[in-house]
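The next block holds one structure in the form of structure tokens; read it before the comments.
All ligand and atom numbering here is 1-based and tracks the order in the structure. Because the structure is predicted, anything quoted here is derived from the model rather than measured.
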Amino acid sequence: MRRVVGALLLCLFWGSAAWGLDVVRDGKPVARIVVPDEADSYTTQAAGWIRDYVKKATGAELAVVPEGQDTGQGPRLALGATKAARQARVRADDLAWDGCRLVVKGDTLFLVGRDEDGVGKADYKAPKGTCRAATAFLEEFCGVRWLAPTPLGEVVPQRRDISVPDDLNRVIVPAFGYANGRLIYGVRTPASYANNFREALRLYTAGGHTWPVFVPLERYYEEHPEYFALINGQRSNSRMNHLCTTNPDVKRLLLEGLRGKFDEGYDWAQLAQSDGYRRCECPNCEAMDNYREWGRGDAFLFKTLAENPCERVLKLHRDIAEQCRRSHPNKKVHLLSYGPTTMPSRAFDKFPDNVVVELCNTDPRVL
Ligand SMILES: [Zn+2]
């Protein structure tokens, strides 16, 4: 029995040693990194990360070669949307967010991620799965760690060899589509992808509060004061941009603004009330609900607001989302559960299925 176990261990040992795809052996480069001839800046950057961190770990510098100029033999890392990946049918466009695949076929390790362009100057706010594939390779097979957003938080173990199992077929799909607001690892850094501090979808955000973007005071107040909330008998010209939400033109402008963002290329767009929300006291708005002044504490939130939700805003957002669902069926309307919209409507049970709600109050009772 002992002999059988010994033979088995020997097989396992020889199996892993003989049947891996070598990237670095005994401190010398074995593989090269092949990138598409028309590599975008993200793929080029990711190739640089692999080259630099492999060198930090082993001292060996892997060559980075455009695919059309690659005349090398032996092991290679094919990064991003190479022709070789297409021919080998290794793809990632079927994965969510910035998902990626790490696959070995023959003497090639394919590192392929779902890549999309961002909107305008915020090009990094989109799925960049090839960057994720590169950092996943560095974490898993080189032991690199980005544990904290400081130079001391980076760990690069020293080693002589790097190899990858030749039956590797790994799919990585992150649980979360994005993190924004506090990008503590910076943007376009390996640590940001490794720690999921990145936006892997085209999200239009104005810190949540988009009413002032779609119906700005500076543009409309002079000609249309009636678009703005009636407060103490005056149409408000507060910089906080409080709106009269039963005005049909206000509803139209919010809808047009949101649709405009989808037409620009965003997949999700935020629709939410101005920060420091003040209600409009015009008869039409007041007739929609019993929401009155904002209060503090549990009694207000879980009794007063729960029993008297801000229907005027909740219904407005539901109606706009419904119209977006018809015009842009593949897009998402991103609402805030925040301030007056913390508590759900008592007049309707659910938002349409194109709505995503950001929970700003993390008290479990709000769920
Ligand atoms: Zn009003």
Side-chain angles (χ1 to χ4, degrees), residues 204-262 269-296 300-301 303-327 333-352 354-355 357-358 360-361:
Y204 174 72
T205 171
H209 307 287
T210 52
W211 284 8
V213 177
F214 299 143
V215 192
L217 182 86
E218 313 80 58
R219 181 158 169 205
Y220 291 111
Y221 187 80
E222 208 166 300
E223 243 181 282
H224 294 289
E226 74 278 12
Y227 289 1
F228 297 87
L230 185 69
I231 299 174
N232 297 327
Q234 303 270 332
R235 290 291 172 177
S236 169
N237 64 356
S238 160
R239 297 248 152 252
M240 301 301 284
N241 218 99
H242 303 301
L243 299 179
C244 172
T245 47
T246 50
N247 184 301
D249 283 332
V250 168
K251 189 172 184 178
R252 174 181 58 78
L253 287 169
L254 291 173
L255 176 61
E256 287 174 2
L258 205 56
R259 283 175 166 166
K261 292 301 171 192
F262 292 142
Q270 291 181 330
L271 172 66
Q273 64 274 15
S274 308
D275 207 0
Y277 173 81
R278 295 279 306 274
R279 79 186 203 284
C280 178
E281 297 167 6
C282 84
N284 288 343
C285 287
E286 294 289 64
M288 287 196 70
D289 57 33
N290 295 316
Y291 176 86
R292 293 301 178 259
E293 286 312 311
W294 180 251
R296 287 185 177 277
F300 173 78
L301 199 59
K303 184 158 176 62
T304 311
L305 186 62
E307 290 175 3
N308 304 282
C310 192
E311 302 287 6
R312 64 186 80 188
V313 175
L314 296 165
K315 284 181 179 172
L316 172 79
H317 289 171
R318 178 203 56 181
D319 292 351
I320 290 173
E322 186 57 53
Q323 292 185 64
C324 287
R325 195 170 70 88
R326 284 184 223 131
S327 61
V333 177
H334 178 145
L335 305 181
L336 297 190
S337 168
Y338 176 76
T341 53
T342 302
M343 286 305 187
S345 170
R346 291 167 76 96
F348 63 92
D349 289 334
K350 57 182 181 182
F351 286 104
N354 61 332
V355 165
V357 177
E358 178 175 334
C360 300
N361 186 330

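Protein N/O/S atoms found under 2.8 Å from the Zn ion (ligand 1), listed by chain and residue number: C244 SG, C280 SG, C282 SG, C285 SG.
Inter-residue side-chain proximity for V313 and Y277 is flagged as met; some heavy-atom pair is nearer than 4.5 Å. Inter-residue side-chain proximity for Q273 and H317 is flagged as met; some heavy-atom pair is nearer than 4.5 Å.
For the pair R279 and Y291, the cation does not sit on the ring face, since its NZ or CZ is not both under 6.0 Å from the ring centre and inside 45° of the axis.
Residue F214 forms a side-chain contact (heavy atoms from CB on, under 4.5 Å) with just one option from L258, N241, L243, and that option is L258.
The existence of a salt bridge linking R325 and E322 is confirmed by a sub-4.0 Å separation between a basic side-chain nitrogen and an acidic carboxylate oxygen.
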Exercise for the section: Mind running side chain to side chain contact (heavy atoms under 4.5 Å, CB included) on R239 and S274 for me, showing each step along the way? Expected result: CA-CA 10 Å; R239 297 248 152 252; S274 308; over 6 Å; no
